[in-house]
Structure formats: structure tokens, C-alpha cells
**Student:** 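This is the structure, below, for whatever I ask next.
Computed over heavy atoms, backbone and side chain alike; hydrogens, waters and symmetry mates excluded.
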Amino acid sequence: MADLQAGVGPFLGIFLLAHGWKSGLIGSVMTIGGVAGMIMTIPAGALIDATKRKRFYVVISAVFTILASGIILFTQEFWLVSISQVATAIAGSAIGPAIIGITLGIVKQKGFNKQNGYNQAFNHAGNVVGSALSGYLGYKFGITAIFILAAFFGILSIISVLLIPANSIDDDVARGMREGEKDEKASGFKVLFQCKSLLVLAGALAFFHLGNGAMLPLYGLAAAASGNGNASMFVAMTIIIAQLVMIGTSLLAMKMADKSGYWLVLFISFLSLPIRGLFAAYMHSHIGIYPVQILDGVGAGLQSVAVPGLVAHILNGTGRVNIGQGAVMTVQGLGASLSPAIGGWIAQGMGYSSAFMILGAFAIGSILLWTIFAKTIKDAC
């Protein structure tokens with residue numbers, strides 16, 4: 001599934017740019033998809049909590065993403081491309097809680113941090129493979145080949161998830177009920193609004209993703225605009241560098257969380273974005289992609305382990321873990337969905353360097369929230 005999701009998304013901006021789209025319109029269509037994903041994450045989390053067919057939602061996510069790839073391949077009409085991004089976003093809103101729920105149901109709360117760390121390391125490794133193949137095929141045969149590759153990976157992801165035995169998943173533990181307490185009832189939805197540490201986490205992530213969401217696609221557009229070699233190869237390199245770093249940082253986050261909790265892990269991830277914005281503002285080159293994407297790998301790799309782990313820990317015993325994951329994804333998705341439009345129009349009006357500096361500065365809000373409420377979060381850890 002990692003290969004499937006990595007295969008198209010980061011190359012979409014380059015594909016549309018080659019078909020005459022401007023950066024503002026590209027950012028807008030990405031925002032439409034982001035808003036759709038944001039709206040669907042809480043309902044998706046609720047469905048994952050309630051269902052005993054969690055594997056089915058992974059299959060549906062793969063099918064949606066395959067169909068979205070086909071739409072983009074055959075037409076570049078604004079509203080049809082927008083529909084394809086909505087389909088991809090709906091798939092993305094379900095896949096996260098589904099994989100978390102399946103993992104929690106198999107290894108239980110005690111083994112979740114460790115297994116989630118391994119899951120994310122394999123996820124990032126899959127992204128490396130998908131991006132490397134996409135970059136090569138885009139260079140050799142054109143970006144059209146990337147969409148075909150994504151469809152192939154979708155079929156493989158469906159086969160893979162169906163190999164998981166359904167009876168190996170404890171559906172009660174998968175939704176956050178305490179192990180062995182079969183008659184316990186799930187808490188009401190108001191628990192999501194009463195948990196201060198969960199609200200702080202969501203707010204900090206919203207600020208971070210408001211800046212982070214547009215950084216990679218804009219960096220690819222900046223390289224394409226400055227004529228920096230083959231665009232698809234450049235984008236592939238940005239993804240590969242970041243994902244290689246994420247493999248290591250996922251495993252590091254797992255060990256740090258076991259030792260001292262999640263506060264420090266997330267604090268370091270927030271610090272990475274302003275520094276990344278400064279590098280991106282002044283280095284639109286093949287040399288610049290190394291510091292820019294290493295920092296991307298640090299931030300995203302740490303969060304990929306710490307966010308699901310912290311939410312699962314905070315909501316353990318409520319029976320609302322997956323809807324909690326969805327709620328956090330919704331708030332951070334609000335930032336991520338607005339980011340491409342904000343970044344795209346800033347880049348079009350003020351230039352790419354200004355856009356990168358402004359986007360990086362949004363993470364200051366995350367750092368302030370995380371520092372002010374440090375005791376609350378540390379107590380929750």
C-alpha cells in the first residue's frame with residue numbers, strides 16, 4: 001500500500017504542470033482532495049471501530065486509488081481531476097485507521113508501539129521502492145507509466161491484506177477496549193473533546209501540516225520551473241531521500257518512546273520544519289534536496305510512529321481509538337488541505353523562496369503549543 005500511495009501523489013503536480021496548469025490551480029485541486037479527506041477521517045475512524053471486517057476497508061482504499069489514477073491518466077479536466085483527488089483522499093482517510101486497528105487487534109496495546117515502529121519502517125521502505133521505480137519509469141517512458149505502476153501496486157496491496165487471517169484480529173482490542181474485558185462498553189464521543197492532551201496534540205499537528213503539506217510538491221515545482229534536469233527524476237530523488245531517513249527515524253522514535261515517552265519525539269519533529277523551510281528557500285538544486293529532504297524524513301518519520309502511538313495510549317480503554325485517530329487526522333488534515341493552496345498562491349505571487357519561508361514559520365505555532373502544555377503531554381505519556 002505504501003508503494004501505491006507513493007506512486008502518483010508527489011508526481012501529480014509535475015504531470016499537471018506539463019499539461020499547462022499553473023501552480024495556483026494545482027494547489028487548489030490538491031486542497032479539494034485534502035478537504036474531502038479531512039471530512040471523511042472521523043466517519044472512517046468510527047467505521048473501523050465498529051466493523052469486524054477491517055481488511056475490507058484496506059481493499060476498498062486500494063480500489064479507490066487505482067480508479068483515481070485511471071481518471072488522471074485519461075483526462076486533465078479540472079473537475080474530473082478534482083474527483084480523482086477526492087477518491088484518493090477518501091481512500092487515505094480509511095487506510096490509516098484500518099492499518100492501526102488491524103495492528104492493535106493483532107499485537108494488543110502492549111506490543112503496539114514496537115509493531116507500529118516496524119510497520120512504519122516497512123511503510124517508508126515501500127515508499128522508497130515505489131518512488132525509485134516511479135522516477136525510473138517516468139524518466140524512461142514518461143509520467144504516464146507511473147500511473148500504470150500505481151495500479152499494479154494496488155492489486156498487490158489487495159492480495160497482501162487478504163493474506164492476513166481474519167480471526168487473528170481481536171476486534172475489541174482493535175478499537176481500544178482493554179484486553180479481556182468483553183462486556184465493557186465504549187465511551188461516548190464526548191471523550192474526544194474532554195481529553196486535553198488529545199486536543200493539544202491535534203492543534204500542534206494542524207500548525208505543522210499547514211506548513212508541511214505544500215513543501216514537497218512546491219519544491220518539485222520550483223525545480224521544474226528553474227529547469228533543474230528531468231522533473232520526474234528530481235521529484236523521485238526528493239521522496240527517496242526523505243523515505244530512507246524515515247526508515248531510521250521510525251525505528252529511533254520507537255526506541256525513544258519506550259524509554260521516555262512521546263513528548264520529546266514530537267518536539268524534535270516540530271523543530272525540523274522551520275529549518276527545512278530555510279534550506280528550501282535558498283537551495284532549489286540537486287544539492288539542496290539533501291538537507292531539505294533529510295529534515296522532511298526526520299519530521300515525518302518521528303510523527304509516523306509517535307502520533308498513532310500517543311493516540312492509542314491516551315484513548316486506551318475508551319473503545320474509541322480509531323475514531324480518535326480519525327479526529328486527530330481531521331484536524332491535522334485541515335492544515336494539510338489548506339497548505340497547497342496557500343503555498344501555491346504565495347509562490348505564484350511572491351516567488352518560491354518566500355513561500356518556503358512562510359510555510360516553515362507555521363511550525364512555530366506547534367512548538368509554542370507543545371512547550372506551553374509540556375506537562376499535560378508528559379503526564380499523558
Side-chain angles (χ1 to χ4, degrees), residues 34-35 37-38 41-42 45 92-93 96-97 100 113 116 120 191-216 242 246 249-250 252-254 256-257 260-278 295-316 320-340 342-343 356-381:
V35 170
M38 178 189 67
T41 46
I42 290 179
S93 68
I100 289 168
N113 180 60
N116 185 50
Q120 293 304 327
V191 70
L192 302 178
F193 303 98
Q194 293 172 338
C195 186
K196 188 176 181 181
S197 54
L198 192 67
L199 296 175
V200 173
L201 173 64
L205 289 170
F207 277 113
F208 179 88
H209 287 280
L210 186 62
N212 188 68
M215 197 75 77
L216 177 55
M246 288 179 204
T249 52
S250 296
L252 177 63
M254 177 183 73
M256 288 175 65
S260 54
Y262 294 108
W263 185 87
L264 181 61
V265 178
L266 284 164
F267 184 68
I268 294 171
S269 79
F270 296 145
L271 287 174
S272 68
L273 185 59
I275 303 170
R276 184 184 176 214
L278 286 173
L295 287 165
D296 183 28
V298 170
L302 295 176
Q303 287 187 18
S304 69
V305 173
V307 174
L310 183 54
V311 173
H313 186 72
I314 290 171
L315 295 177
N316 186 31
R320 299 295 182 187
V321 164
N322 293 300
I323 195 173
Q325 303 282 0
V328 169
M329 287 172 64
T330 297
V331 178
Q332 73 181 45
L334 176 62
S337 63
L338 293 174
S339 185
I342 292 172
F356 291 131
M357 293 186 71
I358 293 169
L359 290 171
F362 284 124
I364 294 171
S366 305
I367 294 166
L368 288 174
L369 267 177
W370 213 242
T371 304
I372 292 168
F373 294 99
K375 186 177 184 306
T376 299
I377 300 297
K378 287 177 181 178
D379 288 345
C381 290

**Student:** Between Ser197 and Thr376, is there a donor-acceptor pair closer than 3.5 Å when you use the side chain of the first and the backbone of the second?
**Tutor:** no
**Student:** Less than 4.5 Å apart, side chain to side chain, heavy atoms only: is that true for Leu310 and Val265?
**Tutor:** no
**Student:** Does any non-hydrogen side-chain atom of Leu302 lie less than 4.5 Å from one of Leu266?
**Tutor:** no
**Student:** Less than 4.5 Å apart, side chain to side chain, heavy atoms only: is that true for Ile314 and Val321?
**Tutor:** no
**Student:** Supply the atom-to-atom distance Leu271 CG to Ile367 CD1, rounded to the nearest 0.5 angstrom.
**Tutor:** 4.5 Å
**Student:** Between CD of Gln120 and OG of Ser250, what distance do you get to the nearest 0.5 Å?
**Tutor:** 5.5 Å
**Student:** Are the side chain of Ser339 and the backbone of Gly335 linked by a donor-acceptor contact shorter than 3.5 Å?
**Tutor:** no
**Student:** Compare all side-chain heavy atoms of Leu205 with those of Val331 and state whether any distance is below 4.5 angstrom.
**Tutor:** no
**Student:** Strictly distance-based, threshold 3.5 Å: is any side-chain N or O of Gln325 a donor or acceptor partner for the main-chain N or O of Pro308?
**Tutor:** yes
**Student:** Can you give me the closest heavy-atom contact between Ser272 and Gly299, atom names plus distance?
**Tutor:** OG-CA, 3.5 Å
**Student:** Within the 4.5 Å heavy-atom criterion, are Leu369 and Phe208 side-chain neighbours or not?
**Tutor:** no
**Student:** Work out which heavy atom in Gly309 is nearest to a heavy atom in Tyr262; give both atom names and the distance.
**Tutor:** CA-OH, 3.5 Å
**Student:** Could you tell me which residues satisfy ring-ring contact (aromatic ring centres under 6.0 Å, His included) with Phe267, sequence neighbours excluded, listed by chain and number?
**Tutor:** Trp263
**Student:** Kindly compute the distance separating CZ (Arg320) from CG (Leu198), expressed to the nearest 0.5 Å.
**Tutor:** 13.5 Å
**Student:** Flag the pair Met215 / Leu273 as yes when at least one side-chain heavy-atom distance between them is below 4.5 Å, and no otherwise.
**Tutor:** yes
**Student:** Side chains of Arg276 and Asn212, heavy atoms from C-beta outward: is any pair under 4.5 Å?
**Tutor:** yes
**Student:** What closest approach, in Å, do His209 and Gln332 show between heavy atoms, and which atom pair accounts for it?
**Tutor:** CB-O, 3.5 Å
**Student:** To the nearest 0.5 Å, tell me how far Ile342 CD1 sits from Phe362 CZ.
**Tutor:** 5.0 Å
**Student:** Between Thr249 and Gly297, is there a donor-acceptor pair closer than 3.5 Å when you use the side chain of the first and the backbone of the second?
**Tutor:** yes
**Student:** Out of Leu201, Val200, Leu368, Leu199, which one pairs with Phe373 under the side-chain contact (heavy atoms from CB on, under 4.5 Å) rule?
**Tutor:** Val200
**Student:** Which heavy atom in Gly343 sits nearest to a heavy atom in Ala214, and how many Å separate them?
**Tutor:** CA-CB, 4.4 Å
**Student:** Which heavy-atom pair separates Ala257 from Asn113 by the least distance, and what is that distance?
**Tutor:** CB-OD1, 3.8 Å
